[in-house]
Amino acid sequence: MCQNEVRTRYAPSPTGFVHIGNLRSALYEYLVAKANNGKFILRIEDTDQKRYVEGAVNVIYETLKIVGISHDEGPDIGGDYGPYMQSERKDLYLPYAEKLIENKKAYYCFCKEERLEDLRQEAEKKKIQFKYDRHCLHLSEEEIQRKLNAKEPYVIRQLMPDSGKTTYNDSVYGDITFDNDVLEDQILIKSDGFPTYNFANVIDDHLMKISHVVRGSEYITSTPKYVLLYNAFGWEPPIFVHLPLVVKQGGGKISKRSGDAYFSDLIESGYLPEAVVNFIVLLGWSSGTEQEFFTLSELEKVFDIKGIGKSPSTYDTDKLRWMNGEYIRKKTLDEFIAIASPWIDKALQRSYDKAKICAMIQKRVEVLSEIPDMISFLNDISTIDVNLYDNVKSKCNINEAKRILPIIRDKIMEMDVFNHDSIYIMFTSTAEKLGVKNGLVMWPVRIALSGMLVTPGGAVEIADILGKDEALRRIDLAIAQLVDIDA
RNA sequence: GGCCCUUUGGUCAAGUGGUUAAGACAUCGCCCUUUCACGGCGGUAACAGGGGUUCGAGUCCCCUAAGGGUCACCA
């Protein structure tokens with residue numbers, strides 16, 4: 001294997017859902033690897049047994065699959081550096097921690113959680129930052145051995161230097177320096193025997209030969225601790241690539257309550273995976289060109305770490321909607337029929353020509369979930385609000401409707417061929433004969449056919465979809481309603 | 001609060017000392033037109049503030065402010 005191979009990893013913890021910030025990380029990690037002919041590894045970080053969620057790992061596989069990201073190594077497909085499920089690696093971490101203890105870079109801690117809690121509250125009262133007081137650092141060898149023999153629960157803590165500074169280079173943010181004395185003696189091994197994320201990520205990234213650690217910027221402040229760990233082991237740290245956060249409108253981390261933040265929600269409400277990917281990759285990354293539409297495979301070629309910005313970006317649904325609409329419009333009619341069908345079926349109680357409906361709505365749909373409301377009038381309509389006949393621009397009003405509708409009804413009756421073109425000709429020739437604008441004919445017909453002020457498509461398209469019989473029925477109904485109205 | 005990071009229009013953003021400071025979404029207006037939408041054309045709108053450095057600063061430095069992140073036996 002090539003020594004300088006680029007290897008990145010997506011290391012989610014299986015909490016049940018993948019939100020878009022998380023998905024964006026996965027995307028960037030994938031793209032950093034692919035743009036450099038590298039490998040993309042999936043590792044599941046399930047060291048917190050308390051947070052285990054049934055089926056969550058499948059959600060992750062499913063999400064990656066829908067998005068079109070495929071991993072080169074992972075729990076489901078194996079690889080040379082497995083296992084890829086951290087819980088299955090459990091026993092591998094302790095020896096590393098013990099080695100650190102030997103080298104005086106870590107120590108056993110037997111402090112009870114209650115004691116820590118008291119310390120924490122005390123610190124809060126004094127308004128100072130809580131930091132473990134190293135109570136157990138000074139235990140004698142014998143004392144430690146005695147407690148160990150007595151099976152007292154313990155954790156292992158990393159011993160931080162208490163002076164000096166630690167600096168590391170980040171590909172996005174540049175050099176970042178921390179005073180060592182702000183670093184707490186963090187826990188490496190928990191009392192249940194599992195490693196903490198803080199320990200496991202370092203061990204695993206090293207063992208799995210991860211070259212670029214790509215992750216959210218919330219890890220910036222804990223990275224010096226990891227660097228110290230790499231140093232303690234004498235390992236070369238990876239290249240760090242911290243990503244600016246995606247925040248919700250108004251600022252703040254994306255959370256469950258901030259709307260359509262979960263990828264699965266987006267898909268269920270009719271956003272296209274490729275649109276979401278395209279939108280999300282542009283949140284914090286720029287190609288430097290004017291191009292704004294990218295397929296995944298294009299991104300695999302042009303993605304560059306240099307294009308990643310430093311400032312957090314807002315998750316703005318307006319632009320996502322627009323972009324989704326663009327993707328919908330770019331589809332062929334057949335493709336659109338395929339993705340719109342479930343939504344049409346959901347809305348329609350009677351059978352109409354789906355292709356005609358799709359041709360009509362394709363340019364008007366931004367998100368698939370809009371479809372049912374858009375076409376529900378095709379089922380049936382309730383009593384028409386006669387005020388809808390009033391329209392200044394087409395010079396229509398109730399009286400004109402009363403005049404025009406019966407004429408159109410008779411014309412339709414005479415038609416043998418009832419399709420888009422013949423309907424259009426019938427309307428326009430009628431208008432011509434009457435010496436009025438097309439709009440004056442189309443307006444009342446469209447209202448009579450739909451009962452709505454705004455419809456996806458005009459009188460011709462709607463009549464065509466409804467068919468001769470239904471169109472006639474609706475116009476008759478409208479006429480009957482108008483008879484009793486004095487305007 | 002300590003530490004770290006960020007700051008170009010409402011939003012996404014280009015910009016790497018010299019530009020009339022791009023482009024996109026949104027918004028507004030006009031055109032097209034069979035309502036709406038699509039499409040076309042055009043408009044409004046930004047370098048957080050203050051000091052430096054420099055012939056010259058959105059670009060470099062410092063301070064202030066605002067926002068965010070982080071301070072767990074979560075990741």
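Chain naming here is simple, since letters A, B, ... match the order of the sequence lines and numbering starts at 1 in each.
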Which atoms of nucleotides 62-69 of chain B (N or O only) lie under 3.5 Å from a protein N or O atom, and what are those distances?
from, atom 1, to, atom 2, distance (Å)
B/rG69, OP1, A/Lys253, N, 3.4

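- Using a cutoff of 4.0 Å between basic side-chain nitrogens and carboxylate oxygens, A/Lys248 and A/Asp316 are not scored as salt-bridged.
- Each of B/rC74, B/rG2, B/rG23 was ranked by its minimum atom distance to the side chain of A/Glu290; first place goes to B/rG23.
- With hydrogens and angles ignored, a donor-acceptor pair under 3.5 angstrom links the side chain of A/Lys319 to the base of B/rA24.
- In this structure, B/rG23 and B/rC12 make a Watson-Crick or G-U wobble pair, each of the two defining distances being under 3.5 angstrom.
- Each of B/rA26, B/rA72, B/rC74 was ranked by its minimum atom distance to the side chain of A/Trp322; first place goes to B/rA26.
- In this entry B/rU44 has no Watson-Crick or G-U wobble partner, no candidate having both defining distances under 3.5 Å.
- Listed pair A/Lys393 / B/rU35 meets the phosphate criterion, a side-chain N or O lying under 4.0 Å from OP1 or OP2.
- Here the side chain of A/Met442 is nearest to one of B/rA75, B/rC38, B/rU34, namely B/rU34.
- Salt-bridge annotation for A/Arg115 and A/Glu117: absent, with no side-chain N of the basic residue lying under 4.0 Å from a carboxylate O of the acidic one.
- Picking from B/rU35, B/rC73, B/rU34 the nucleotide with the shortest atom distance to the side chain of A/Val454 gives B/rU35.
- A/Tyr424 comes within 4.0 angstrom of a nucleotide base, judged by non-hydrogen atoms across all strands.
- Between A/Glu326 and A/Glu366, it is A/Glu366 whose nearest contact on RNA chain B lies nearer the 5' terminus.
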